[in-house]
Number of protein chains: 2
Amino acid sequence: MNNRLKVLRAERGWSQQDLATRLEVSRQSVNAIETGRYDPSLPLAFRIADLFGMAIEDIFQRD
Amino acid sequence: MNNRLKVLRAERGWSQQDLATRLEVSRQSVNAIETGRYDPSLPLAFRIADLFGMAIEDIFQRD
DNA sequence: CACTTAAGTCAAGTTTCATTGACATAATGA
DNA sequence: TCATTATGTCAATGAAACTTGACTTAAGTG
């Protein structure tokens, strides 16, 4: 899976820490997802989609 | 999270084993997801959505 | 009745996701 | 220059997802 998290975050002028706080996860988790080291859990993917007001499918794509 | 997996599967007349085979997971995993013991990983959620030709959001809902 | 299939569950093990704490690097600003 | 912020990454730990193998129960079906 790859994702558009880094772009969406940058568009809003948020740091990884800002995003992590809004998602209630650690900064390292945001970084790991952005850099593709692992995929979020389904519940976290839902929180991300909710935060950006988008569908999961529009943020995460199969590779 | 709760999900409509059991219904979607039953509509197609598939056993848990049938579904597990199509998703390339164990029968116990399908059962655990259907009975709400845990949520699928994001990659597996995508495979499920693909298989049923639906969006993840139409199969899995936050509770 | 005996046999098979489906579903639910448990135990024990591996892999993946997520945590805290730490360190390095680059960029910016006082 | 010195301090701060942002990002990337590592190690160690814990929690969640997923595995195999086994057992039980219920519902057909010969």
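Here is how names work: the chains are called A, B, and so on, in the same order as the sequence lines, proteins then strands, and each is numbered from 1.
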*asked:* Can you see if the side chain of A:Lys6 gets near the phosphate of D:dG8 - specifically, an N or O under 4.0 Å from OP1 or OP2?
replied: yes
*Check ion pair A:Arg9-A:Asp18 (N to O, under 4.0 angstrom)*: no
_Taking B:Arg62 first and then A:Asp50, would you say they form a salt bridge - that is, a charged N and a carboxylate O separated by under 4.0 Å?_
yes
_side-chain N/O A:Gln17 vs D:dT7 OP1/OP2, d < 4.0 Å_ = no
_Over all strands shown, is B:Gln28 touching base, sugar-phosphate only, or nothing at heavy-atom distances under 4.0 angstrom?_
base
*Starting at the 5' end of DNA chain D and moving along, which residue's nearest nucleotide shows up first, B:Arg27 or B:Pro40?*
B:Pro40
*Closest to the A:Tyr38 side chain, choosing from D:dT9, D:dT20, C:dA18*: C:dA18
*Base, sugar-phosphate, or nothing: which does A:Ser29 touch, judged by heavy atoms less than 4.0 Å apart?*
base
*Are the side chain of A:Arg37 and the backbone of A:Ile33 linked by a donor-acceptor contact shorter than 3.5 Å?*
no
*Among C:dC17, C:dA7, D:dT9, the nucleotide that comes nearest once only the side chain of A:Ser41 is considered*: C:dC17
*asked:* Need to verify one output field. Residue with the more 5' nearest nucleotide on DNA chain C, B:Trp14 or A:Arg37?
replied: B:Trp14
*For B:Ser15, answer base if it contacts any base atom (sugar-phosphate contacts may also be present), sugar-phosphate if it contacts only those atoms, and nothing otherwise; contact means non-hydrogen atoms under 4.0 Å.*
sugar-phosphate
